Amino acid sequence: MSRVAIVTGGGRGIGAATARKLAADGLAVAVVDLDETTAGETADAIKQAGGTSIAVGADVSDSAQVTAAVERVAAELGPPTVLVNNAGVLRDNLLFKMSDDDWETVMGVHLRGAFLFSRTVQKHMVDAGWGRIVSLSSTSALGNRGQANYATAKAGLQGFTKTLAIELGRYGVTANAVAPGFIATDMTQATAARVGVDWDDFVKNAVSQIPVGRAGRPEDVANTVSFLVSEGAGFVSGQVIYVAGGPRA
Ligand code: NAD
């Protein structure tokens, strides 16, 4: 029987590419997203390609919704033993303009979301004696102007990951973080729009600072997650892999 994966924020962007990649690797994939319609589109694409998938609408920052989502996945696909904490939002602002809500929203989705899903799914992993948790960090964890909230959350996910690796290792569970640099998605397009820079110019500027000389694609991140989730990656745990076309942003 195939292993069962949950990818949060799988409706579009990096999450959608990761869901499709894990399905192509042979896993049954539950696509969780706040937006049930886009989650359904990803699940449909997986099924059309011959894979197994369901779409689940849920807010990762809501404890009751997370519990219900994981119960539904276990009932419909089987116990989930792979978790990709990918759902994310931006509420960028310089510190003096950052509202309480900007702070709370980003902490809620990235940190509480990863905490709630990891806590809920770990019992299935421990029961199975095998599991993989991959959380999306970012080069912004190293500090980024206008992102005091996001940088804090993404750095927090690195500490969270290392702690899960220590606590869950004895149960055959690994925990790692992937920290992308500039990846062309709706999220980065929204950033370009917010700062009033034409998308092509925004990409050109980003690429000028990337050693491999191109923008990142959602598939670049998906391929890295695929490795960390694979059977052969069982001795890699507590690590942060930067997927940024160079050593850092
Ligand atoms: P995106 O905005 O294109 O997609 C994010 C998805 O998460 C959306 O489908 C959205 O509906 C979903 N989502 C948001 N809040 C949610 C919630 N509360 N519950 C459930 N789902 C929710 O973003 P992306 O660019 O694909 O980024 C994916 C992840 O990678 C995020 O964690 C992001 O912070 C991280 N990341 C992205 C980049 C980049 O350059 N794009 C770089 C570093 C890290």
Side-chain angles (χ1 to χ4, degrees), residues 6-21 30-43 55-66 68-70 83-92 101 104-117 134-144 147 149-158 160-161 177-194 199 202-203 205-207 209-210 214-222 224-225 240-246 248-249:
I6 293 176
V7 180
T8 71
R12 68 183 196 192
I14 292 169
T18 300
R20 290 194 303 267
K21 173 64 179 158
V31 181
V32 174
D33 205 291
L34 197 54
D35 185 338
E36 206 168 350
T37 305
T38 55
E41 287 165 8
T42 304
V56 181
D59 178 348
V60 299
S61 67
D62 183 304
S63 189
Q65 290 187 37
V66 171
V70 174
L83 171 66
V84 183
N85 290 311
N86 165 83
V89 287
L90 294 178
R91 292 290 184 275
D92 294 357
D101 188 59
E104 298 300 341
T105 299
V106 167
M107 295 307 149
V109 176
H110 296 270
L111 284 180
R112 191 165 61 246
F115 160 64
L116 291 174
F117 256 102
V134 180
S135 299
L136 268 289
S137 179
S138 167
T139 50
S140 293
L142 302 167
N144 201 21
Q147 293 195 319
N149 49 3
Y150 185 79
T152 302
K154 291 308 198 186
L157 282 171
Q158 296 190 9
F160 180 65
T161 292
V178 172
F182 180 82
I183 312 291
T185 67
D186 289 300
M187 184 179 270
T188 36
Q189 285 189 20
T191 302
R194 188 183 59 80
W199 173 243
F202 195 74
V203 172
N205 180 51
V207 167
Q209 293 161 50
I210 299 173
R214 67 166 174 85
R217 306 178 190 109
E219 291 71 21
D220 292 315
V221 182
T224 310
V225 175
V240 180
I241 301 187
Y242 284 86
V243 182
R248 60 147 295 165

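Numbering of ligands and ligand atoms starts at 1, following listing order. Note that this is a predicted model, so its numbers are computed, not measured.
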Side-chain touch D220/R214, heavy atoms, less than 4.5 angstrom: yes

message: So N86 and V134, do their side chains get closer than 4.5 Å, heavy atoms only?
response: no

message: I need the contact residues for ligand 1: any residue with a non-hydrogen atom closer than 4.0 Å to the ligand, ordered by chain then number.
response: G9, R12, G13, I14, D33, L34, A58, D59, V60, N86, A87, G88, V89, V109, H110, L136, S137, S138, Y150, K154, P180, G181, F182, I183, T185, D186, M187, T188

Using residues 178-188 as the side-chain source, report each donor-acceptor pair under 3.5 Å to any protein atom, sequence neighbours left out, with the distance given to one decimal.
unit_1 : atom_1 : unit_2 : atom_2 : d
T185   : OG1    : M187   : N      : 3.1
T188   : OG1    : I183   : O      : 2.7
T188   : OG1    : T185   : N      : 2.9
T188   : OG1    : T185   : O      : 3.1

message: For a 4.5 angstrom cut-off between non-hydrogen side-chain atoms, does V60 reach V109?
response: yes

- request: Could you walk me through whether R20 and E219 pass the salt bridge (Lys or Arg N to Asp or Glu O under 4.0 Å) test, one step at a time?
  value: CA-CA 9 Å; R20 290 194 303 267; E219 291 71 21; 3.6 Å; yes

From L116, V66, L34, V32, residue fulfilling side chain to side chain contact (heavy atoms under 4.5 Å, CB included) relative to D59: L34

